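Just below is one structure, and these are the notes that go with it.
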Amino acid sequence: MANKKFNLNKNSIRKIIVSFLLVIAMVVQFSFLSYLFKGLAPESSKNKDNLIMSYTSSGNIDYKVFLKQNNFIENEYLNAGEAYILDLIDYVRLTPLYNFKSNAKTNVTGTNKLVARLKVYYKESSDKNNNPEVMNKEKVLDEKIMNFNDDKYTSVSSYDLYLNEYLDMLKEFQSEVKIAVDGYLDISYESGFDGKVGGASYTNKYDSLIRIPLSNSVVKIESPKSDAKEANVYEADLVKTNKTVMTYIIIANIVTFIIICYLLKRLFSFTNKSEYQRKLGKILRNYDDIIVNTSSMVDVKKYKVIKIDEFKEILNLSRELLLPIMNYEKIKDKETWFYVLKDDILYVHTISEKKLELKTNEEDKVKKEEKRKRNNS
């Protein structure tokens, strides 16, 4: 009993020491950050009297949907905002537009990129906003250099987007994973630039977006309104500081931040967790990019079940088959299944509190037996 109290007191002392060191490190970090902000902040403040320039970014993506030859619709194309039959779409003619306007001449360099992102979501529930994303593929369709020295600039272009490539990719993915999914094609026109005016440097970006659903027979292209974006450049944007001193302060901030992270890790390590919680948490942290959390389980009776002893084996299987690992908590805080579906086969690795306890008990018995043999020899 006395030994148990001693262990508890020792653990508490460690917590106090680590907490004390953490407070000191955070105070030091705050001091370094204060020096950093003071070094970056110029003498003038940001107000109307110190305004150098105001500018506005605006834009949108207009489109027309061109149709395949058919016996139902005579028009060559349909305008934006209408409903479209997916199988009749030949291509979408995109017309992205970007406008820059300022109250003073400014030197600007940057790029205007038209980007397509195929996003696929696991259809876990009717609430699409909470469904997990299982695939995201990006492709730059068009890119133009933006370079001007003026108070206004306009970029407008045209691009014909064929959907077959993305529809085929979605069908191939769905046939491989054999789960219900929703697919969307997000088209964004991204303007990113750096500017200079009156000795001050500034940077900004502006995006316009449309979303094309790919999983329904009849689709309506979503086109969220892109409001104009206003910004200002002040004298306070002029950075006046000693570069050598700033370098040392930045390095000190990084080192202090690493120390704080280490101390936080040590502090949280004192929290008592079961072997099940530690093992499950480690897997979810390290492999969250390929694990899909689900709230329901497939009908196991429809599949041939193959049990996998080690998580590394199901991880290698997932990478070889290019399939996600599905995660289902069968018994809350007690048992979790990690599984991969391939055709009519269900590969499953189970983490169970009961199995881990049995394994721990067997290991303890082996250690005690080995110790007994050493004492008798």
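Quick caveat, the model's predicted, so the values are computed rather than measured. Scope of the values below: all heavy atoms of this structure, side chains included, with no hydrogens, waters or symmetry mates.
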Side-chain donor-acceptor distances from residues 300-317 under 3.5 Å, at least two apart:
| residue | atom | partner | partner atom | Å |
| --- | --- | --- | --- | --- |
| Asn316 | ND2 | Lys312 | O | 3.2 |

Do the side chains of [Y] and [X] get nearer than 4.5 Å, heavy atoms only?
{"X": "Asn136", "Y": "Leu118", "answer": "no"}
{"X": "Met326", "Y": "Ile179", "answer": "yes"}
{"X": "Leu141", "Y": "Leu161", "answer": "yes"}
{"X": "Val108", "Y": "Asn147", "answer": "no"}
{"X": "Tyr339", "Y": "Val298", "answer": "yes"}
{"X": "Glu329", "Y": "Glu335", "answer": "no"}
{"X": "Leu86", "Y": "Leu167", "answer": "yes"}
{"X": "Lys144", "Y": "Thr111", "answer": "no"}

Tell me yes or no: between the side chains of [X] and [Y], is some donor less than 3.5 Å from an acceptor?
{"X": "Ser57", "Y": "Tyr98", "value": "yes"}
{"X": "Lys225", "Y": "Asn60", "value": "no"}
{"X": "Asn79", "Y": "Tyr63", "value": "no"}

What distance separates [X] [atom1] from [Y] [atom2], expressed to the nearest 0.5 Å?
{"X": "Asn149", "Y": "Asn107", "atom1": "CG", "atom2": "CG", "answer": "4.5 Å"}
{"X": "Glu74", "Y": "Gln69", "atom1": "CD", "atom2": "CD", "answer": "12.5 Å"}
{"X": "Asn327", "Y": "Asn293", "atom1": "CG", "atom2": "CG", "answer": "4.5 Å"}
{"X": "Ile251", "Y": "Thr256", "atom1": "CD1", "atom2": "OG1", "answer": "11.5 Å"}
{"X": "Ile61", "Y": "Tyr159", "atom1": "CD1", "atom2": "OH", "answer": "13.0 Å"}

Exam field: side chain [X] to backbone [Y], donor-acceptor pair closer than 3.5 Å:
{"X": "Tyr206", "Y": "Ser226", "result": "yes"}
{"X": "Asp343", "Y": "Ile345", "result": "no"}
{"X": "Thr350", "Y": "Ser352", "result": "no"}
{"X": "Ser318", "Y": "Leu323", "result": "yes"}

Minimal non-hydrogen separation, [X] against [Y], with atom names:
{"X": "Ile89", "Y": "Leu163", "result": "CG2-CD1, 3.9 Å"}
{"X": "Asn131", "Y": "Tyr122", "result": "CB-O, 3.1 Å"}
{"X": "Asn75", "Y": "Leu67", "result": "O-CD1, 3.8 Å"}
{"X": "Thr294", "Y": "Ser296", "result": "OG1-O, 3.3 Å"}
{"X": "Val292", "Y": "Val134", "result": "CG2-CG1, 3.4 Å"}
{"X": "Val218", "Y": "Ala83", "result": "CG1-CB, 4.2 Å"}

Checking side chain to side chain contact (heavy atoms under 4.5 Å, CB included) for the pair Ile325/His349: CA distance, chi angles, key distance, verdict? CA-CA 10 Å; Ile325 299 175; His349 171 69; over 6 Å; no

Qualifying residue for side chain to side chain contact (heavy atoms under 4.5 Å, CB included) with Ser58, from Asp227, Asn99, Leu97: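 Testing each of Asp227, Asn99, Leu97 against Ser58, the sole residue satisfying side chain to side chain contact (heavy atoms under 4.5 Å, CB included) is Asn99.
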
Are [X] and [Y] connected in the hydrophobic side-chain network, where two residues link if heavy atoms are under 4.5 Å apart?
{"X": "Leu209", "Y": "Val120", "answer": "no"}
{"X": "Tyr184", "Y": "Val65", "answer": "no"}
{"X": "Ile351", "Y": "Ile331", "answer": "no"}
{"X": "Met135", "Y": "Tyr287", "answer": "yes"}
{"X": "Val348", "Y": "Val177", "answer": "yes"}

Pair listing, salt bridge (Lys or Arg N to Asp or Glu O under 4.0 Å) test, anchored in [range], at least two apart:
{"range": "residues 62-71", "answer": "none"}
{"range": "residues 205-222", "answer": "Asp186-Arg211"}
{"range": "residues 148-166", "answer": "Arg93-Asp160, Lys139-Glu165"}

Quick one: do Glu176 and Lys342 satisfy salt bridge (charged side-chain N to carboxylate O under 4.0 Å, His left out)? Show the steps, please. CA-CA 7 Å; Glu176 286 288 337; Lys342 175 64 177 175; 3.3 Å; yes

Assess whether side chain to side chain contact (heavy atoms under 4.5 Å, CB included) is satisfied between Ile187 and Leu185, documenting all intermediate values. CA-CA 6 Å; Ile187 308 297; Leu185 188 61; 3.8 Å; yes

Go through Thr109 and Phe148 one step at a time and tell me if the side chain to side chain contact (heavy atoms under 4.5 Å, CB included) criterion holds. CA-CA 7 Å; Thr109 58; Phe148 63 92; over 6 Å; no

For the pair Asn204 and Tyr55, evaluate side chain to side chain contact (heavy atoms under 4.5 Å, CB included) and give the outcome as yes or no after the intermediate values. CA-CA 11 Å; Asn204 214 325; Tyr55 65 94; 2.7 Å; yes

Glu172 atom CD, neighbour heavy-atom count above 12 within 6.0 Å: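 No, CD of Glu172 has 12 or fewer neighbouring heavy atoms, counting only those of other groups under 6.0 Å.
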
Phe100 and Tyr153: ring pair (Phe, Tyr, Trp, His ring centres under 6.0 Å), yes or no, with the steps? CA-CA 5 Å; Phe100 177 95; Tyr153 170 82; 7.8 Å; no

Output yes when Lys334 and Glu353 qualify as a salt bridge under the 4.0 Å nitrogen-oxygen rule, no when they do not.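 Glu353 and Lys334: salt-bridged.
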
Determine, using ring centers only, whether Tyr328 and Phe338 are less than 6.0 Å apart.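 No, too far apart.
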
Atom pairs and distances, side-chain donor-acceptor, residues 189-197, under 3.5 Å, sequence neighbours left out:
| residue | atom | partner | partner atom | Å |
| --- | --- | --- | --- | --- |
| Tyr189 | OH | Ser155 | OG | 3.1 |
| Glu190 | OE2 | Arg117 | NH1 | 2.9 |
| Glu190 | OE2 | Arg117 | NH2 | 2.8 |
| Glu190 | OE2 | Ser188 | OG | 2.8 |
| Ser191 | OG | Asn112 | OD1 | 2.6 |
| Asp194 | OD1 | Thr203 | OG1 | 2.9 |

Suppose we screen for salt bridge (Lys or Arg N to Asp or Glu O under 4.0 Å). Which residues come up paired with Lys137, at least two apart in sequence or across chains?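 Applying salt bridge (Lys or Arg N to Asp or Glu O under 4.0 Å) to Lys137 gives none.
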
